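Following: one structure in structure tokens, then a few remarks.
Heavy atoms only: backbone and side chains are in, while hydrogens, waters and symmetry mates are out. Predicted model, so just to flag it, every value in this text is computed and none were measured. Lettering of chains follows the sequences in order, A, B, ..., and the numbering in each one begins at 1.
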Amino acid sequence: MSEKTMNLTLYVWRQANAKAPGKMERYEAKGISPDMSFLEMLDVTNEQLIKQGIEPIVFDHDCREGICGMCSQVINGVPHGPEELVTVCQLHMRRFNDGDTIFIEPWRSKAFPIEKDLMVDRGAFDRIMQAYGYTSITCGGAPDANDHPIPKWQLDRAMDAAECIGCGACVAACPNASGMLFTAAKVAHLNMLPQGKPEGARRVKAMIAAHDLEGFGNCTNHYECEAACPKGVKTAFISYLNKELIKALPKGAQD
Amino acid sequence: MSMLKSSVGRKLTMAVTGAILVLFILGHVLGNMSIFVGPEGINAYAVHLRDLGPLLWVVRLVMLVVFVLHVWFGIQLTLENRAARPVDYQQKKNLVTTFAAKTMIVSGLVLLAFVIYHVLHFTLHVGVDNVDQLAKAYMGEHFDVYTMVVTGFGKAINVLVYVAAMILLFFHVSHGFQSFLQTLGLSNECVQPKYQAVGKFLALVVSIGFISIPVLIMVGIVKL
Ligand code: HEM
Ligand code: SF4
Ligand code: FES
């Protein structure tokens, strides 16, 4: 039995560099298998474009297994596309139908300048991490398995925050282009753990200050980030972040 | 890090001032219900308020500061948020946000205009007919609030303005209530849906409370 393939119409954002104006271009993607991932569909489309003498579409990707956070596309208006809790690389073409028209755009945010086409510079996230996304404590050798100084549920909570892969979909989805879900996830996963707690007050202040410097918007609780996050990071962590800041406010530089 | 510079610091200020405004409108709508007791109800309530003397002025001053901070940061944060996405999407689908959340600045600015109009009208008596007569009409020495309100809502345009503004108040508070709890660090995924439900209910009760006054006057159930 021959495999059923699909033909699609793509509207893709093309932009030569950070300064150039961009626009949507229309392409036909032919003979797409439903078993391909969205990125494989773009690979095939790019080969077709090259044959036509058109410059291939530039897009970010790395692991292609949903863990690195590099792939970043707004598909039909939704970061990472229509499938819940997956990244673009884990989105499969069986979610689409033959003849569909698909709009593909980059993350749009002042803090994430477009480098080319669908590729953006997410260095802003790195600088938030550099501000205090670490702990300066050394904890000795590896502890015994299942040896943990906080209860399991607290540990699980920190791990839920630590699921963040830094993809930036939260910023892309936010009507204010705020990076608060990412910042909250990073603050929470450290501040909730015994190794991170001692520096908690400094961390929350430093990471929020770094976030603000990058030109992200402010959170007004639309909760679009949570709906778009491929890792299911909850906005409850933003509330936690705010609480950590309230606790940190009266503390001076010596704390 | 300065509280009044950082994004979260200013959001906390929005939340605290927003929460105070919500408390204020709750008290206000409860107080206003005294109009249904009749002229003695709301006039006696007004006299009690005036009897507070300097305390009333302290409350007014605090409310003014709260309001100015809320409006100032509301406008400032909104402008920053718009600037954070200089090139908009060709296509953007919002999945969970609400009409109320997307229109906070609109409902807020209309409420600002309304509050100015409302204070001019009922507090400073601009455009109130027969102010001199009303001044000592209640028990021969107090301002007759009841007559002022009932004649004021004899004009359809006033009724319209109040009803429209209170519908926007509904939207503003329906998002604002759960928003301030989230901002103040009191939310999580278990209670958030409950906050949203309570906020909507509270906003509905408050706006219906406020709207009932002009409407019942207009249809003649509350009269002179
Ligand atoms: C009766 C008067 C008002 C009440 C009861 C009220 C209440 C609230 C509350 C509770 C919040 C949520 C606070 C937070 O979590 O950040 C809020 C947010 C906000 N308010 Fe008001 N407010 C009032 C008037 C105004 C006015 C006059 C403006 C005009 C600019 C305004 C603009 C905003 C904006 C822009 C937000 C932030 C949007 C957001 O948090 O989603 N509000 N308000
Ligand atoms: S919080 Fe979610 S959407 Fe935001 S960067 Fe992390 S994984 Fe991506
Ligand atoms: S390419 Fe690594 S998460 Fe998609």
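By the neighbour-count criterion of 12 heavy atoms within 6.0 Å, atom NE2 of B/H48 is sparsely surrounded, having that number or fewer from other residues, nucleotides or ligands. In this structure, B/F122 places its CZ atom where more than 12 heavy-atom neighbours from other residues, nucleotides or ligands lie under 6.0 Å away. Within a 6.0 Å radius of CZ in B/R50, no more than 12 heavy atoms belonging to other residues, nucleotides or ligands are found. For CD of A/E25, the number of neighbouring non-hydrogen atoms (other residues, nucleotides, ligands) closer than 6.0 Å is greater than 12.
Under the 3.5 Å distance criterion, the side-chain polar atoms of B/R85 are matched with a main-chain donor or acceptor of A/C174. When atom types are taken as modelled, the side chain of B/N81 and the backbone of A/G217 share no donor-acceptor pair closer than 3.5 angstrom.
For the pair B/H175/A/N221, a side-chain contact is recorded, criterion being any heavy-atom separation below 4.5 Å from C-beta on. Between A/N218 and B/R10 the shortest side-chain heavy-atom distance falls below 4.5 Å. The closest side-chain heavy-atom distance from B/L186 to A/K243 is not below 4.5 Å. Two residues are said to be in side-chain contact when any heavy atoms from C-beta on lie closer than 4.5 Å; A/M180 and B/S7 meet this criterion. By the 4.5 Å heavy-atom criterion applied to side chains, A/L249 and B/L12 are counted as neighbours. Looking at A/V78 and B/K92, their side chains never come closer than 4.5 Å, going by heavy atoms from C-beta outward.
Classification of A/E105 and B/K93 as a salt-bridged pair fails, no side-chain N sitting under 4.0 Å from a carboxylate O.
Atom OH of B/Y89 and atom CH2 of A/W107 lie 7.0 Å apart (nearest 0.5 Å). Distance check, rounded to the nearest 0.5 Å: OG1 of A/T220 to NZ of B/K102 gives 11.5 Å. The distance from atom CD1 of A/I75 to atom CD of B/Q91, rounded to the nearest 0.5 Å, is 12.0 Å. Taking CD from A/E224 and OG1 from B/T97, the interatomic distance works out to 5.5 Å, rounded to the nearest 0.5 Å.
Across every non-hydrogen atom of A/G215 and B/A84, the tightest pair is O-CB, 3.6 Å.
For a residue to count as touching a neighbouring chain, one of its non-hydrogen atoms must lie under 4.5 Å from one of that chain's; by this rule B/Q90 touches chain A with backbone and side chain alike. Interface residue A/A172: backbone and side-chain heavy atoms are both found under 4.5 Å from chain B. A/F103 touches chain B through its side chain: at least one heavy atom from C-beta onward sits under 4.5 Å away, while N, CA, C and O do not. For B/L77, the parts sitting under 4.5 Å from any heavy atom of chain A are the backbone and the side chain alike. For chain B, no part of A/P79 is nearby; none of its heavy atoms comes within less than 4.5 Å. Neither the backbone nor the side chain of B/R82 comes within contact range of chain A, judged by heavy atoms closer than 4.5 Å.
Checking B/Q178 against A/Y223 by side-chain atom types alone, a donor-acceptor pair falls below 3.5 Å. Side chains of A/N242 and B/T183: no donor on one and acceptor on the other come within 3.5 Å.
Ranked by heavy-atom pairs under 4.5 Å with chain A, the list B/V96, B/N188, B/L184 is led by B/V96. Counting heavy-atom pairs closer than 4.5 Å to chain B, the top-ranked of the candidates A/W13, A/F112, A/F216 is A/W13.
Partners of A/Y11 under the side chain to side chain donor-acceptor pair (under 3.5 Å) rule, at least two apart in sequence or in another chain, are A/R26.
Contacts from residues 225-240 of chain A to chain B, taken as heavy-atom pairs separated by less than 4.5 Å, involve A/A227, A/K234, A/T235, A/A236, A/I238, A/S239 in sequence order.
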